[in-house]
Amino acid sequence: MEMNSLYDSLSLIAPELIISVTLLVIVLFDLIFKNNKKMLPFLSTVGLAVALITQAGNLTDGGFAFSPENTPLFYGMLTIDSFGAFFKILVLAASMLIIYFSSTTDEVNESFDRLGEYYTLIFGMVLGMMFMISASDLILIYLSVELLSLSSYVLAGFSKNKTRNNEAALKYLLFGAFSSGLMLFGISLIYGMVGSTNLTALNNFLQTGSINLFTITISLILVFAGIGYKISSAPFHFWTPDVYEGAPISITAFLSVASKAAGFALLIRFIRVGFVSYVDSEGFWKLSEVFDWQLLLVIIAILTMTLGNFSALWQDNLKRMLAYSSIAHAGYMLLGLAVMSDQGVLAVLVYFFIYAIMNIGAFFIVMLIANRIGSENIDDYDGLGFKAPLLGVSLGIFLVSLTGIPPTAGFIGKLYLFIALVDANMIAVAVIALLNTVVSLYYYIRVLKHMYLVKPSTEPPVIKPSFNNLIFVLILAVPTIIFGIYFTPILDFAKQCVQFFGV
Amino acid sequence: MELYDLIFYFFAIVTVVSAFMVVTSKNIVHAGFNLLFTFFGVAGIYVLLGADFIAVVQLLVYVGGILILLLFGIMLTNKITSVELRTGTAHIIPAVIGVGIFWGALTAIVAFKTDWVEVNTASTESTTIIGLGNLLLTDYVLIFELLGILLLVALIGAASFARREIEELKD
């Protein structure tokens, strides 16, 4: 690679560079100013904000970064485009919320002398996600998934004194190591057939080369196992409930939103760049006929949401219930991708935007209540709605929105998903998804029933959140309502971002 | 069968047999020492493939570093040497037959029926280090730098796990 193209590449990945520099600054700051740990969240927020502004300013930039020498024009380690920009903005914004979230979580603050490590690892995760989102080379895909995973294993077991925390970290590590091994094996098979690790090269190969369908199917299923583990889709979801329940709650929220977003971005780009031969006039993707992605995704999606919803019915721990609910939501979003059209991807983007807001909100209120009463059990929520009116109402809004009932934003997300499904004539699938939504209503509303209708056996404690926490709750709850009524801004933003560079 | 093939099969058998011993051995020290032969066999295969640098790194890092650390870890831990590991299996014969046929068929199709890309291995270079170094700092410079950050994060994570909490110290 020549020096000129190196400079071009570096300017394309400016947000990633800012995140890397912030990571190093946090490490050094923690070493030099040992007693100033209270400053770490501010430092992290500033780093994330600068990266977010840079990214938002370069929304429409497009290009291949780090193209190898002597290769065709359309090869690059990274593809920078507005599709990636959407997910990066989502990840960066979610990270900023999570930094504030962490600074108020008791579980995290109990390990006060290790806060430096905590924020460093958060930035390790962010960096991994950002590279996952724009990676278009199998080596970079694998490496960024590992960077994300390694940081999250440690964070899942961050408060070491609790048994369930250690269990979460160990389970996460074992599942993660196994599935990334499977993924690497799949990648090696693809490399053996294509002779290149680039996704564009894979696409060219699929259209011209002589292919053993059997081998390519096995290798793609193996690669999907690695990605499916990151987005916790069935049958790779078994780690999710235990890890989500055991990890510190701020990390649970982070994993369920940002980590999942990065996994989805990776999966969408993998299919879009690696397999789509052309896009027809109505925006439907025509895939190379070597592997039926649509069939695989529809089956996995239905399995994922049904398993997630029906398992959530029996859960009494709210963290665990939200874990199963996040599995179910991954199922809905997989359906959006399974449509294999620009409109399907648009639905996924809209859904993710809304899902991020409401899910972080729900976890934040569960955390505020757990800070006060030390439990996430649904029986301890009896009568809480009257003692903490604002928290109760907000949690109600988030849960109703997660179900997808108007006039909340969750309804808009589901609406676009169903429109995309119906447009593609996948009526039966849409009906199954709709029935699933009805099932999910039961366990979301059950929380509300406990908060407002069940008479508590003992007088519930008064929960008075601080002013800052109230503002944070409102920042999440108000958009959940507003975007349910006035959703054009999200839609315009998402429409602008269904652009893939170079394909 | 040429000498090259014979050497390959020798290393392959060493690797597979010792790896099998690692996972079936009931004694953790035996498992650790068997791992030595696995790493050694893999290094031998790297040499056969002409990947001299990776072979040396395999010996230095895995055999010389990681394995020694692992054995030290086992020996410095009280009681662990006498722990009986659970390695029991249920219905071993049907399992072996079922998995063997299924996996054998899969492997056979994948290995023999696929048009693998063949790379011309006849190289004029006497060593791969020059090419590797050039690639790592040109085409793959991003990967190289990102690996640096990955190692930093792993180091910090390991330190965070290994460090004692203040409450623990008080006890």
Side-chain angles (χ1 to χ4, degrees), chain A residues 1-2 6 9 13 16 20 23-24 27 65-71 77-78 110-114 116-118 120-121 123-125 127-128 131 137 139-140 143-144 146-147 150-151 153-155 157-161 169 189 191-196 205 209-212 214-216 218-219, chain B residues 19 23 42 45-46 49 51 54 66 102-121 131-171:
Chain A
M1 192 162 42
E2 285 171 18
L6 183 64
S9 302
I13 61 162
E16 282 89 343
S20 319
L23 189 152
L24 297 176
V27 175
F66 295 96
S67 314
E69 222 173 332
N70 307 325
T71 45
M77 284 277 161
L78 289 160
E110 277 163 12
S111 320
F112 188 72
D113 57 328
R114 288 188 295 132
E117 284 95 315
Y118 182 86
T120 313
L121 291 169
F123 272 79
M125 281 180 79
L127 192 65
F131 277 112
D137 191 284
I139 296 180
L140 186 61
L143 188 60
S144 51
E146 279 299 286
L147 181 56
L150 266 180
S151 320
Y153 300 149
V154 182
L155 286 175
F158 189 70
S159 33
K160 295 184 292 189
N161 289 335
L189 288 181
Y191 177 68
M193 279 179 288
V194 182
S196 163
F205 167 79
S210 60
I211 305 154
N212 181 338
F214 188 78
T215 311
I216 195 103
I218 288 189
S219 55
Chain B
V23 286
V42 173
I45 292 175
Y46 284 146
L49 290 173
I54 297 182
I66 291 180
F102 178 65
W103 194 242
L106 275 186
T107 320
I109 296 175
V110 168
F112 299 117
K113 292 283 178 190
T114 313
D115 297 326
W116 300 110
V117 175
E118 284 177 22
V119 181
N120 186 15
T121 47
L132 209 60
N134 274 333
L135 273 183
L136 275 182
L137 284 179
T138 52
D139 288 355
Y140 292 93
V141 64
L142 176 72
I143 303 289
F144 187 64
E145 296 294 329
L146 203 57
L147 270 175
I149 292 180
L150 180 80
L151 287 181
L152 176 71
V153 166
L155 206 63
I156 289 171
S160 162
F161 258 134
R163 187 170 160 188
R164 280 191 197 169
E165 292 282 9
I166 288 178
E167 298 96 88
E168 281 178 56
L169 288 174
K170 277 179 193 156
D171 289 343

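Bear in mind the structure is a predicted one, so any value in this text is a computation, not a measurement.
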Honestly, the part of A:Leu155 sitting under 4.5 Å from a heavy atom of chain B is neither
Can you tell which of A:Met77, A:Glu16, A:Glu146 has the highest number of heavy-atom pairs within less than 4.5 Å of chain B?
A:Met77
Side chain from CB out, backbone as N, CA, C, O: work out which of these in A:Leu121 comes under 4.5 Å of a heavy atom of chain B, or both, or neither.
side chain
Side chain from CB out, backbone as N, CA, C, O: work out which of these in A:Leu147 comes under 4.5 Å of a heavy atom of chain B, or both, or neither.
both
Okay, B:Leu135 and chain A: the region with an atom under 4.5 Å from a heavy atom over there is neither
Side chain, backbone, both or neither of A:Val194 within contact of chain B (heavy atoms, under 4.5 Å):
backbone
A:Leu78 versus chain B, heavy atoms under 4.5 Å apart: side chain, backbone, both or neither?
side chain
Option in B:Leu152, B:Leu147, B:Leu137, B:Val110 with maximal non-hydrogen atom pairs under 4.5 Å from chain A
B:Val110
When every non-hydrogen atom of A:Leu189 is compared with those of A:Ser219, the smallest separation belongs to CB-CB, 3.6 Å
Can you name the residues that form a ring pair (Phe, Tyr, Trp, His ring centres under 6.0 Å) with A:Tyr118, not counting sequence neighbours?
A:Phe158
Is a side-chain donor or acceptor of B:Ser160 paired with a backbone partner of B:Ile156 at a separation under 3.5 angstrom?
no
Hey, could you give me the OG1/CD1 distance between A:Thr120 and B:Ile149, rounded to the nearest 0.5 Å?
12.0 Å
